[in-house]
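Quick note: numbers below take in every heavy atom, side chains included, and nothing from hydrogens, waters or symmetry partners.
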Protein chains: 2
Amino acid sequence: MKENDLLIQTIRQRVSLSNDEAQILCPFFRRKSLNKKEKLFPNGAVAHDVAFVLDGVLRVWAYDAEGHERTLQFAPTDWWITDLASFIKQTPSDWHVEAMENTEVLLISREDQLKLFEILPQLQTYFRVITENALVAYQQRLQEAMGAPALERYKAFCLKYPTLVDRIPQKYIASYIGVSPEFLSKMKSEILRAGKKLI
Amino acid sequence: MKENDLLIQTIRQRVSLSNDEAQILCPFFRRKSLNKKEKLFPNGAVAHDVAFVLDGVLRVWAYDAEGHERTLQFAPTDWWITDLASFIKQTPSDWHVEAMENTEVLLISREDQLKLFEILPQLQTYFRVITENALVAYQQRLQEAMGAPALERYKAFCLKYPTLVDRIPQKYIASYIGVSPEFLSKMKSEILRAGKKLI
DNA sequence: ATAATTTCTTAAACCAGATTAAGTGAATGG
DNA sequence: CCATTCACTTAATCTGGTTTAAGAAATTAT
């Protein structure tokens, strides 16, 4: 059960959970290993599960109108990730949830998640709170996407995902902040040339 | 209590609520009238309350890096609205929540909302569900903002807020879809000239 | 090791949408 | 009821970021 320690610990940062309750919770989760480039569920399938990342990194992405990849979210260790629209309505998925490295996750199905909310009400509180926080984060990001120049968006990425900046290929960062890989490269070389410090 | 009918009815679209439970719920809400241009709370104050719109329209907006207004959300009848970041953490607000017409709302404070979640667990479920749905909507909107051309974003606005298209000044629609008022005007006249039909 | 592939950089031409400016019409207020 | 402000349009010019293309560097597979 050692692999569940990180999960319990993470949940306990937001709601209280006795050891007995933790024992109730654990069997709801299944462990899964994903190889680099492997997807959490097949393209177009329903996202049955939400994943809690133990180790590695996942990303959610889709093609935009012009056929470019756009990254919605990254998920390093102790983040939750899925195609939320598909997961909450159990409808076919529009997004790809893909491992960027060999990755270990814990999975829980929507059905089991809703069951768990009835058995352990604080779990519903936990997910309500992290959903509220995620909503705030997306509101801020939308505001940035519309009103802030690309360099500000790059800085915001660096603050949000400090562990990823020098770990994942730069083109995925570009697809997250919403610029072409060429332009991100140009921005970074301008920062260096000017000797500017980020943040 | 007639003014609470719309609230009860709206909640019952997602969770069950007996008449007795509805009677418990109602005293938690206070009614408030806002004049056109009036704000839900003073600039920089904490958003103590979340508002349920009975009649009229509110909008949430802030200035971007270049000093332009950016509209995050509109709320016509039966929508919920507040500065969510400020509301959930009870920290000073970054956003303006402002009436676009004379508007009637029901208010509940964060404190009372959390109390209510303990008294009526299905209310926590209700807010979890609408928060999940709002999160999905913001994910889609972010994807659009980054990858779709301005005309697509205008169409998406028209679908999302059909009651507002011919009701609010066009410059606020521009500030929502993320273009200058001049460019929205140009797009619309091009649609007309080409005799294209939206949607 | 070496070949094959992927990623990153640089630079020129290009474009969607911003900015500026000027004029017109519609609300609003005193 | 007039004056002022606010909302919308049109058009010229400008700009942040894209596209295209080509080469260099780093990974990955053989």
cation_pi(A/Arg141, A/Tyr176) dist<6.0 Å, angle<=45
yes

C/dT28 OP1/OP2 closer than 4.0 Å to side-chain N/O of B/Lys36
yes

Between atom CD in A/Glu144 and atom P in D/dG16, what is the gap in whole Å?
19 Å

Separation of C/dT10 atom P from A/Lys186 atom NZ, nearest Å, is 11 Å

Residue pair B/Val129 / B/Val15, side-chain heavy-atom distance below 4.5 Å
no

What's the closest nucleotide to the side chain of A/Glu182 if the choices are D/dT10, C/dA11, C/dC8?
C/dA11

Assign B/Pro149 to base, sugar-phosphate, or nothing according to its heavy-atom contacts below 4.0 angstrom with the strands shown.
sugar-phosphate

In whole angstroms, the gap separating C1' of D/dA11 from CD of B/Glu190 amounts to 12 Å

Give the rounded distance in Å between these two atoms: CG of A/Asp166 and C1' of C/dC8.
14 Å

Rounded to whole angstrom units, what separation is found between the OH atom of B/Tyr154 and the C1' atom of C/dA16?
19 Å

Return no unless some side-chain N or O of B/Ser189 is found under 4.0 Å from OP1 or OP2 of D/dT10.
yes

Side-chain contact check for B/Ser185: nearest option of C/dC8, D/dT10, C/dA18 is D/dT10

Within the pair A/His68 and D/dT18, is there a side-chain N or O less than 4.0 Å away from OP1 or OP2?
no

Taking the minimum atom-to-atom distance to the side chain of A/Ser180, which one of D/dT18, C/dG17, D/dC8 wins?
D/dT18

Would you mind telling me which of D/dT9, C/dC8, D/dT18 lies closest to the side-chain atoms of A/Val179?
D/dT18

Over 60° means perpendicular and under 30° means parallel, so tell me whether A/Phe117 and A/Phe127 are parallel, tilted or perpendicular.
tilted

One pair to check against ring-ring contact (aromatic ring centres under 6.0 Å, His included): B/Tyr161 and B/Trp79. What are the steps and the verdict?
CA-CA 11 Å; B/Tyr161 296 109; B/Trp79 287 56; 5.0 Å; yes

Could you state the atom-to-atom distance from CE of A/Met187 to P of C/dT10 in whole Å?
14 Å

Rounded to whole Å, please give me the gap between CE in A/Met100 and P in D/dT28.
12 Å

